[in-house]
**Student:** 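A single structure is presented below for examination.
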Amino acid sequence: RSLVKTNGNAARNGGLRASSGEIVAFLDSDDEFAPARIPGLVAYFQSNPEVEVIMGNFSTELNGILRGFQFKEPKLSKQLLRDALVCHAIPITFSSIAVRKSSFSKLGTLDEMVERHQDRDFILSALASDCNISLQNSDDVVKHQSADSFSRSGIGYMRALEVLARKHDLFHSDTQVLVKEYLVLRSLLHSFAGLKLSEFAGNLREFWSAPTLNRHRTLRVWSYFSGKKVRRRMERQLVKHRACSAFTGAHKKYRNAPNA
């Protein structure tokens, strides 16, 4: 069934209302499922009735090069997973998320006011709702990227980060303030270095008018490096906790798999 909606979460909510199965798996238009993904999800949920949300690993394909990661353990502490999501230290995409449909009774529908960071927002909301989240290695999702992919664009990034920070009460501690300033400066520097001046100006305006991101009324350039160190430290902590590791390889398209 084809449903025309205004943004990703609106489309997902439409799919939820139209669905009749017990398990909901999301697939973005530029991503790809391996043929074994759906049978694998069904089997995993059936074998693990306590699990409500699966957050799986995935690979990203750009110009024929495949980059990905694997979770080493099926569980992380609630606080460690939340901190990793806040630091952007753990990869995430909605196409690698699957949910037991009955769990939406406590999760509610997806927030259609969130324009970007929708996958991150969903897992943070699931953590806040005390959902049982399992990290799964299935190697059956590929996220295809190109120069004009929405996820590679900085347009609206600052506005969406403000919504995420306000909704989940982020960036209060001294460490999180450094992470916030790193994420803000990283976005601005990426736009400026790429000579995307209108994007740069738009995000700068959005930052200055964002009450949560701009709570301290300052943007310290040195915080880029301090915040980046915090993120790197979190990535090392994830490796130490056997949370995830990265890999690079060549992409081979799945046969007869649903994709864009």
**Student:** Could you check whether any side-chain heavy atom of Phe207 comes within less than 4.5 Å of a side-chain heavy atom of Leu185, counting everything from C-beta outward?
**Tutor:**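 Of all side-chain heavy-atom pairs linking Leu185 with Phe207, none is under 4.5 Å.
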**Student:** Assess, by modelled atom type and distance only, whether the side chains of Asn13 and Glu112 contain a donor and an acceptor separated by less than 3.5 Å.
**Tutor:** yes
**Student:** Does atom CG of Asp169 have more than 12 heavy-atom neighbours, drawn from other residues, nucleotides or ligands, at distances under 6.0 Å?
**Tutor:**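 Yes, enclosed.
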**Student:** Distance-only, no hydrogens or angles: does the Ser187 side chain make a donor-acceptor pair with backbone N or O of Val184 under 3.5 Å?
**Tutor:** no
**Student:** Hey, is NZ on Lys167 packed in by over 12 heavy atoms from elsewhere, all under 6.0 Å?
**Tutor:**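 More than 12 within 6.0 Å, yes.
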**Student:** Side chains of Ile65 and Arg67: closer than 4.5 Å at any heavy-atom pair?
**Tutor:** yes
**Student:** Using only atom types and a distance under 3.5 Å, with no angle test, would you say the side chain of Ser173 pairs donor to acceptor with the backbone of Gln176?
**Tutor:** yes
**Student:** Nearest 0.5 angstrom please: Leu197 CG to Leu195 CG, how far?
**Tutor:** 6.0 Å
**Student:** Relative to each other, are the rings of Phe104 and Phe122 parallel, tilted or perpendicular (30° and 60° limits)?
**Tutor:** tilted
**Student:** Return yes if some donor-acceptor pair links the side-chain N/O of Asn57 with the main-chain N/O of Phe71 below 3.5 Å, else return no.
**Tutor:** no
**Student:** Flag the pair Arg220 / Glu181 as yes when at least one side-chain heavy-atom distance between them is below 4.5 Å, and no otherwise.
**Tutor:** yes
**Student:** Going by the angle between their ring planes, with limits at 30° and 60°, are Tyr182 and Tyr224 parallel, tilted or perpendicular?
**Tutor:** tilted
**Student:** Any side-chain donor-acceptor pair under 3.5 Å between Tyr44 and Ser134?
**Tutor:**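 There is such a pair between these side chains.
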**Student:** Is there a path from Phe171 to Val221 through hydrophobic residues (I, L, V, M, F, W, Y) whose side chains come within less than 4.5 Å of each other?
**Tutor:** no
**Student:** Side-chain donor-acceptor pair under 3.5 Å between Asn203 and Glu199, yes or no?
**Tutor:**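 Absent: no donor and acceptor within the cut-off.
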**Student:** Are there more than 12 heavy atoms of other residues, nucleotides or ligands under 6.0 Å from atom NZ of Lys106?
**Tutor:**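 Enclosed: over 12 neighbouring heavy atoms sit under 6.0 Å from NZ of Lys106.
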**Student:** For Leu238 versus Ala89, what's the shortest heavy-atom pair and its separation?
**Tutor:**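 Here Leu238 and Ala89 meet closest at CD1-O, 3.6 Å.
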**Student:** Begin with the C-alpha distance, continue with both residues' side-chain angles, and end with the deciding distance and a verdict on side-chain contact (heavy atoms from CB on, under 4.5 Å) for Tyr157 and Ile155.
**Tutor:** CA-CA 6 Å; Tyr157 177 90; Ile155 297 174; over 6 Å; no
**Student:** Compare all side-chain heavy atoms of Phe58 with those of Ser95 and state whether any distance is below 4.5 angstrom.
**Tutor:**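 Side-chain contact under 4.5 Å: no.
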**Student:** Tell me whether Ile97 shares a hydrophobic cluster with Val114, the cluster being built from Ile, Leu, Val, Met, Phe, Trp, Tyr side chains joined at under 4.5 Å.
**Tutor:**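 No, separate clusters.
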**Student:** Without hydrogens or angle criteria, can the side chains of Gln70 and Asp139 be said to hold a donor-acceptor pair below 3.5 Å?
**Tutor:** yes
**Student:** Could you tell me whether the side chain of Ser96 and the main chain of Ile92 form a donor-acceptor pair under 3.5 Å?
**Tutor:** no
**Student:** Within a strict 4.5 Å, meaning less than it, do heavy atoms of the Gln118 and Leu110 side chains meet?
**Tutor:** no
**Student:** Side-chain contact test, heavy atoms from C-beta onward, threshold under 4.5 Å: evaluate it for Val53 versus Asn132 and give yes or no.
**Tutor:** no
**Student:** Would Arg166 and Val163 count as a side-chain contact (heavy atoms from CB on, under 4.5 Å) here? Give the steps.
**Tutor:** CA-CA 5 Å; Arg166 187 172 61 248; Val163 171; 4.0 Å; yes
**Student:** When you measure from the side chain of Lys228 to the backbone N and O of Leu183, does any donor-acceptor pair fall under 3.5 Å?
**Tutor:**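 Flag not set: sc Lys228 to bb Leu183 has no pair under 3.5 Å.
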**Student:** Considering non-hydrogen atoms only, spot the tightest contact between Pro39 and Ala36 and give its length.
**Tutor:** CD-O, 3.4 Å
**Student:** Side-chain donor-acceptor pair under 3.5 Å between Lys180 and Asn214, yes or no?
**Tutor:** no
**Student:** Any heavy-atom pair between the side chains of Gln237 and Arg233 that's under 4.5 Å?
**Tutor:** no
**Student:** Just do the side-chain contact (heavy atoms from CB on, under 4.5 Å) check on Val24 and Arg12 with the steps written out, would you?
**Tutor:** CA-CA 10 Å; Val24 178; Arg12 295 180 189 106; over 6 Å; no
**Student:** I'd like to know whether the aromatic ring centres of His88 and His117 sit less than 6.0 Å apart in this structure.
**Tutor:** yes
**Student:** Is Lys78 reaching over with its side chain to a backbone N or O of Leu127, donor-acceptor style, under 3.5 angstrom?
**Tutor:** yes
**Student:** Give me each pair satisfying salt bridge (charged side-chain N to carboxylate O under 4.0 Å, His left out) with a member in residues 84-101, each pair once, sequence neighbours excluded.
**Tutor:** none
**Student:** Could you tell me whether the side chain of Ile90 reaches within less than 4.5 Å of the side chain of Met55, counting heavy atoms only?
**Tutor:** yes
**Student:** In this structure, would Phe33 and Phe45 fall into the same cluster of hydrophobic residues linked by side-chain contacts under 4.5 Å?
**Tutor:**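 Yes, same cluster.
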**Student:** How close do Ser138 and Arg37 get, heavy atom to heavy atom, and via which atoms?
**Tutor:** OG-NH1, 3.8 Å
**Student:** With no hydrogens and no angle check, is any side-chain donor or acceptor of Ser125 less than 3.5 Å from a backbone partner on Asp121?
**Tutor:** yes
**Student:** Begin with the C-alpha distance, continue with both residues' side-chain angles, and end with the deciding distance and a verdict on side-chain contact (heavy atoms from CB on, under 4.5 Å) for Val179 and Arg231.
**Tutor:** CA-CA 7 Å; Val179 169; Arg231 181 186 179 185; 5.8 Å; no
**Student:** Look only at the side chain of Thr212 and the backbone of Glu162, and say whether a donor-acceptor pair between them is shorter than 3.5 Å.
**Tutor:** no
**Student:** Donor-acceptor pair, distance only, cut-off 3.5 Å: does the side chain of Lys143 make one with the backbone of Ser59?
**Tutor:**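 Between the backbone of Ser59 and the side chain of Lys143 there is no qualifying donor-acceptor contact (under 3.5 Å).
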**Student:** Looking at Glu206, is its backbone amide N or carbonyl O close enough to the side chain of Ser209 to form a donor-acceptor pair, meaning the two atoms are under 3.5 Å apart?
**Tutor:**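 Answer holds: yes.
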**Student:** Hydrophobic clusters here meaning ILVMFWY residues chained together by side-chain heavy-atom distances under 4.5 Å, can you tell me if Val230 and Trp222 are in one?
**Tutor:**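 Hydrophobic grouping puts Val230 with Trp222.
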